[in-house]
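Sequence lines set the chain letters: A, B, ... in the order given, protein chains first and strands last, and positions in each chain run from 1.
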Protein chains: 2
Amino acid sequence: VILTRDLKKEYELGAETVRALRGVDMQIEKNEFVAIMGPSGSGKSTLLNLIGCLDTPTSGQYWLGGEEVSQLDDNELARIRNRQIGFVFQTFNLLPRTTALHNVELPLIYAGLPAKQRHEQAKAALDAVGLADRMTHHPNELSGGERQRVAMARALVNQPSLLLADEPTGNLDSATSREIMDVLVGLHDRGETILLVTHERDIAAYSDRLITLRDGVIETDQRHTIG
Amino acid sequence: VILTRDLKKEYELGAETVRALRGVDMQIEKNEFVAIMGPSGSGKSTLLNLIGCLDTPTSGQYWLGGEEVSQLDDNELARIRNRQIGFVFQTFNLLPRTTALHNVELPLIYAGLPAKQRHEQAKAALDAVGLADRMTHHPNELSGGERQRVAMARALVNQPSLLLADEPTGNLDSATSREIMDVLVGLHDRGETILLVTHERDIAAYSDRLITLRDGVIETDQRHTIG
Ligand SMILES: Nc1ncnc2c1ncn2[C@@H]1O[C@H](COP(=O)(O)OP(=O)(O)OP(=O)(O)O)[C@@H](O)[C@H]1O
Ligand SMILES: Nc1ncnc2c1ncn2[C@@H]1O[C@H](COP(=O)(O)OP(=O)(O)OP(=O)(O)O)[C@@H](O)[C@H]1O
Ligand SMILES: [Mg+2]
Ligand SMILES: [Mg+2]
C-alpha cells in the first residue's frame, strides 16, 4: 500500500542545505504494523510527513495505494488525508481555543457527518483513550499526556485505513502507554495498516517489523522473529 | 531548599472542580537529585510549576531557600525565576520566530549580560546538548528531539542552582537521552539541585531519590538503595 523509491527531502537555510532524507526505498503492505526508530534528527518525522501527504519530497517517488502521489492535485490529496490517513503529530497540533471534543470532531466535520453522529463518534474515540471525563477541557487545561491522547483520538475518529503515529506515547506513563498500544493492536487486528515512530523498544515490540533510520537513510529493516 | 506543606491546586471549570494537587508535603535538600513519576494526569507538571514559581497554589505553603514564596512580590519572584531556577517545559515553549541561539540567549538578556558574553554562553549551552550545528535554525526547522534539547540548553544557560525538568527526554532516542543525562549528572556533581519529572525508569535511575504521585498526592517517597 506504500511504496517509495529514492525519496529525498532537503531544506535550504540560507547558505546551508540540510539533507533530512537522503534516498529512502521502502515498501509497506496492507495490514502491516511497522515501527520506525532512529536517533534524534535522523529523519523520522520528515519521512512520516511525506508518507502522510503533509509535505512533498525534493526528489524520488511515492506511491500510495498504487497511485503516484506527486501526480495528484490538492483536492485529491486533501481527500486522501481526511479519509484514508490518521496522523498523530509529535507536537500534537491541537486547536488551542476549543475543547478536546471539538478537536476530535474536526475530521468528521470535514467528512460531512451530521452533528449527532459526529458527537457520538468523537465521544467514543475520547473514551477509548481514557479521556471521557476531559471532553470539555481546552488543550491548555490538559496534562501533556492528555493532550497526546486527544491527538490520538482525533487521528482514529475517522476510522482511517492507514495510521501514522509520531511518538504517540512519549508523554505517557507505562500503564497508559499500554492502554493506547492495546487500542492500536485492536485496530491492527481489524485490518489497519500502522506506521509508528518511537524511541522506546517496549513500544516498538508491539509491531511486527522494525525499520531504523540513521542520517536520512534506512539502516536496518527486519521482521521481528518473536511473535 | 524546597519545603511544601499541604500544597493544593484546584481548577474551576464551569460546574467542575479539578483537584490537580490534593495536599502535597515535600522536603528537598540542597544538591539532591530527585525523580518524580506518576500516571498521566496525576499532577506532576502542576507540582513542578508551583515549585518553579510559575503558578500559585490554591492553598498550602511553599518555602524556597527559607522564604515563604506567597509573601514575595512579582519582581522578587521574577528575579528568583531568572537567577535561581532553570525550567525545562514539557511542551518546550520556545519562541517560534527566532533562532535556537536567540532562544537560549533570552535568560541572559534578562539577566543583563553583555552581547559578546551572552553569545558565547548560549553557544556553549547548545554545544553541550549536541546542537552546535543547529544554532541558526528556528524551532519549526528542528526535529522534536532537537527542540527539546534547545529547551534544556535555555534552562541551563544561566547556571541556575535549581533545575526543574518536565520530561526532558520524552522525544529523545536512548543514546541522546544518555548524553543529556550525563550533562545533568555533571551539574549535580557540581552542586546543582535537580527535580526531574519522567515516565521512564531508566531516566529515573540517574536520581538518588524517587517520589511518585497518584491523583494529586504523594504515593511513595524513597531513596534509591542502589548507588
Ligand atoms: N524546515 C526545516 N528546515 C531545516 N532543517 C530542518 C527542517 N525540518 C527539519 N529539519 C532538520 O532535518 C533533520 C530531520 O528532522 P526530523 O524531524 O525528521 O527528525 P526526527 O528523526 O523526527 O527527530 P526526533 O527524533 O528528534 O523527532 C533534523 O536534523 C532537523 O534539524
Ligand atoms: N488549567 C487547567 N484547568 C483544568 N484542569 C487542568 C488544568 N491544567 C491541568 N488540569 C488537569 O489537572 C490534572 C493534572 O495535570 P498535570 O499536567 O499536572 O498532570 P501530569 O501528571 O503532568 O500528567 P502528564 O504525565 O500527562 O504530563 C490533569 O488531569 C489535567 O486535566
Ligand atoms: Mg521527530
Ligand atoms: Mg505533565
Just by distance, which donor-acceptor pairs between chain A and chain B come in under 3.5 Å?
unit_1: E16(A); atom_1: OE1; unit_2: H137(B); atom_2: NE2; d: 3.4
unit_1: E16(A); atom_1: OE2; unit_2: H137(B); atom_2: NE2; d: 3.4
unit_1: S40(A); atom_1: N; unit_2: D173(B); atom_2: OD1; d: 2.7
unit_1: S40(A); atom_1: OG; unit_2: R149(B); atom_2: NH2; d: 2.9
unit_1: Q90(A); atom_1: NE2; unit_2: N171(B); atom_2: OD1; d: 3.0
unit_1: H137(A); atom_1: NE2; unit_2: E16(B); atom_2: OE1; d: 3.4
unit_1: H137(A); atom_1: NE2; unit_2: E16(B); atom_2: OE2; d: 3.4
unit_1: R149(A); atom_1: NH2; unit_2: S40(B); atom_2: OG; d: 2.9
unit_1: N171(A); atom_1: O; unit_2: H199(B); atom_2: NE2; d: 3.0
unit_1: N171(A); atom_1: OD1; unit_2: Q90(B); atom_2: NE2; d: 3.0
unit_1: D173(A); atom_1: N; unit_2: H199(B); atom_2: ND1; d: 3.3
unit_1: D173(A); atom_1: OD1; unit_2: S40(B); atom_2: N; d: 2.6
unit_1: H199(A); atom_1: ND1; unit_2: D173(B); atom_2: N; d: 3.3
unit_1: H199(A); atom_1: NE2; unit_2: N171(B); atom_2: O; d: 2.9

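Interatomic distance, L196(B) CG to F33(B) CZ, rounded to the nearest 0.5 Å: 5.5 Å. In this structure, the separation between CG on L162(B) and CD1 on I51(B) is 8.5 Å, given to the nearest 0.5 Å. Rounding to the nearest 0.5 angstrom, the gap separating the CG atom in L156(A) from the CG atom in L184(A) is 6.5 Å. Separation of atoms CD1 (I218(B)) and CD1 (I36(B)) is listed at 7.5 Å; rounding is to 0.5 Å. For the atom pair CD1 of I194(A) and CG of L164(A), the computed distance is 10.0 Å after rounding to the nearest 0.5 Å.
Legend: residues meeting side chain to side chain contact (heavy atoms under 4.5 Å, CB included) with A128(B), ordered by chain and number and at least two apart, are absent. The side chain to side chain contact (heavy atoms under 4.5 Å, CB included) check on A153(A) picks up V104(A), A125(A), L126(A), V129(A), with sequence neighbours excluded.
The part of L13(A) that comes within reach of chain B is its side chain, from C-beta onward, which places non-hydrogen atoms under 4.5 angstrom from that chain.
For the set G38(B), G145(B), P39(B), the count of heavy-atom pairs under 4.5 angstrom toward chain A peaks at P39(B).
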